[in-house]
Amino acid sequence: MKNRPGAPQVPYAIGGKVHMVTPPRPKLPRSLDRVLLGAITVACMLLLVAVIVWATVNIGELLSEMVPGWAAYGAASAFNLAWVICLGLEWIDRHNPDQANAPMVAGWVFLAAEMIAVGVHGHREGALEIGIVGAAVSAIVKTVWTLLLKRYATPLDPMTQQWVDAERAQLAAERGLLDVQRDALYARGQLGQYRDALGLDARQRTAPQLDAAPAADPAAPTVAPAATLVPAGQSFGVTAAATVDDPVLLARIIDAALADEGVRTKSDMVRAVVTAAPRLTAQEIADEIAKRRGVEVKASYVRTIRTGRPKSPTAQPIGAEPTGPARGHKAGPYL
């Protein structure tokens, strides 16, 4: 017997010789409920296939009096597939009753249209009773499937339902953000290809930049000045960067500052980010450099570069004797 990947092994001894062996996997106890539910699901699938064939043939014969056979039967299948698709949507949203309500109502509407078409075909053939019975077959299968979906659906209490809805909303937001990031990466890749094709320097930035905010009038009410776009190619001013509230535009300003040819050392990076975004804290500046350049910078180092002061010497405890020559005495070869 082959060993299962990741299966635990236990020591097993025969005649005093021990080997590591994999114990057999325990068999699950047979559940009559699960077996019966599986059989019911298979039977429902067979009924669904039968009613699709039955309704498609009836409606196809009705439509074939005006259009070719292939087109008639193709259109007839739409009556069945419409409410079958709604069944699938109900299954997907079985844990979200509010969202599953719309496909459930639409499924019954499509089923009613199919039943009417089957009944009209029976009437045209002079057998209205057969048409009514044939239409009832679709209603029976739809009802059975509705009961089966309710059996699989798990009702949730109101608080648990709110928690599940919040999780779904968060996942939907992440999925939407993923689409936006993918589009942004695709656009940046295309922009890089255009730059390479035109022979432009990849460090040249064409992002929109902002003029310095006009001085506020003391007599005027306090209103945030509107940002004004300036042509590409001009440098990002410190005052302009200080008034930027858009995180995306601020990130572009920092990228442009770090992409300058003169920015090579760690101190150059710190000065560039401080000049481009003076409102950022020392820790935020260190995080931006680490994220965009992969260089680890401590917040204390950023504060030192920002203030322009060297690190203060290590302070001596109060009352300790000085280690150097006393004031007023010249250092000599003898103490």
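This structure is a prediction, so every number in the text was calculated from the model and none was measured. Numbers here are sequence positions counted from 1. Below, each value reflects all heavy atoms present in this structure, side chains not excepted, and no hydrogens, waters or symmetry copies.
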Asks: Is Arg124 salt-bridged to Glu61, cutoff N-O under 4.0 Å?
Replies: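 The answer is no: the pair does not qualify as a salt bridge.
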Asks: Output the distance between atom NZ (Lys298) and atom CD (Gln283), rounded to the nearest 0.5 Å.
Replies: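 Those atoms lie 11.5 Å apart.
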Asks: If hydrophobic clusters are built from ILVMFWY residues whose side chains come within less than 4.5 Å, do Val51 and Met115 share one?
Replies: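 Linked within one cluster.
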Asks: Using distance alone, with no hydrogens and no angle criterion, decide if Asp165 and Gln161 have a side-chain donor and acceptor under 3.5 Å apart.
Replies: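 Yes, because at least one side-chain N or O of Asp165 sits under 3.5 Å from a partner of the opposite role on Gln161.
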Asks: Is there a donor-acceptor contact under 3.5 Å linking the side chains of Thr275 and Arg271?
Replies: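 Looking only at side-chain atoms, Arg271 and Thr275 do not form any donor-acceptor pair under 3.5 Å.
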Asks: So, using side chain to side chain contact (heavy atoms under 4.5 Å, CB included) as the criterion, who are the partners of His123 when residues are at least two apart?
Replies: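 With sequence neighbours excluded, His123 shows a side chain to side chain contact (heavy atoms under 4.5 Å, CB included) to Leu128, given in chain and number order.
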Asks: Centre of Trp83's six-membered ring, under 6.0 Å away, within 45 degrees of the axis: is that where NZ or CZ of Lys142 sits?
Replies: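 Pair Lys142/Trp83 does not count as cation-pi.
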Asks: To check you understand the geometry: which heavy-atom pair defines the closest contact between Ala13 and Val18, and what is its length?
Replies: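 Looks like CB-CG2, 3.7 Å.
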Asks: Around Ile130, counting heavy atoms of other residues, nucleotides and ligands shown, do more than 12 lie under 6.0 Å from its CD1?
Replies: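 Counting other residues, nucleotides and ligands, CD1 of Ile130 stays at 12 neighbours or fewer.
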Asks: Could you go through Phe79 and Ser138, starting from their C-alpha distance and side-chain angles, then the distance that decides it, and tell me whether this counts as side-chain contact (heavy atoms from CB on, under 4.5 Å)?
Replies: CA-CA 11 Å; Phe79 285 86; Ser138 299; over 6 Å; no
Asks: Going by distance alone, is a donor N or O of one side chain under 3.5 Å from an acceptor N or O of the other, for Asn80 and Ser77?
Replies: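 Side chains of Asn80 and Ser77: no pair found under 3.5 Å.
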Asks: Mind checking who shares a hydrophobic cluster with Val180, ILVMFWY linked at side-chain heavy-atom distances under 4.5 Å?
Replies: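 ILVMFWY cluster around Val180 holds nothing else.
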Asks: Judged by atom type as modelled, is there a donor-acceptor pair below 3.5 Å linking the side chain of Asn58 to the main-chain atoms of Trp54?
Replies: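 Checking the backbone N and O of Trp54 against the side chain of Asn58, a donor-acceptor pair under 3.5 Å is found.
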Asks: For residues Leu87 and Val144: do they belong to one hydrophobic cluster (side chain heavy atoms under 4.5 Å, members Ile, Leu, Val, Met, Phe, Trp, Tyr)?
Replies: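 No.
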Asks: Only counting residues at least two apart or in another chain, list the ones meeting ring-ring contact (aromatic ring centres under 6.0 Å, His included) with Tyr152.
Replies: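 Residues passing ring-ring contact (aromatic ring centres under 6.0 Å, His included) with Tyr152: Trp91.
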Asks: To the closest 0.5 Å, what do you measure between CG (Leu185) and CD (Gln190)?
Replies: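 These two atoms lie 12.0 Å from each other.
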Asks: What's the spacing between Met45 CE and Leu48 CG if we round to 0.5 Å?
Replies: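 Output value for this atom pair is 9.0 Å.
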Asks: Enter the distance from Leu147:CG to Lys150:NZ here, rounded to the nearest 0.5 Å.
Replies: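 Spacing of CG (Leu147) from NZ (Lys150) equals 7.0 Å.
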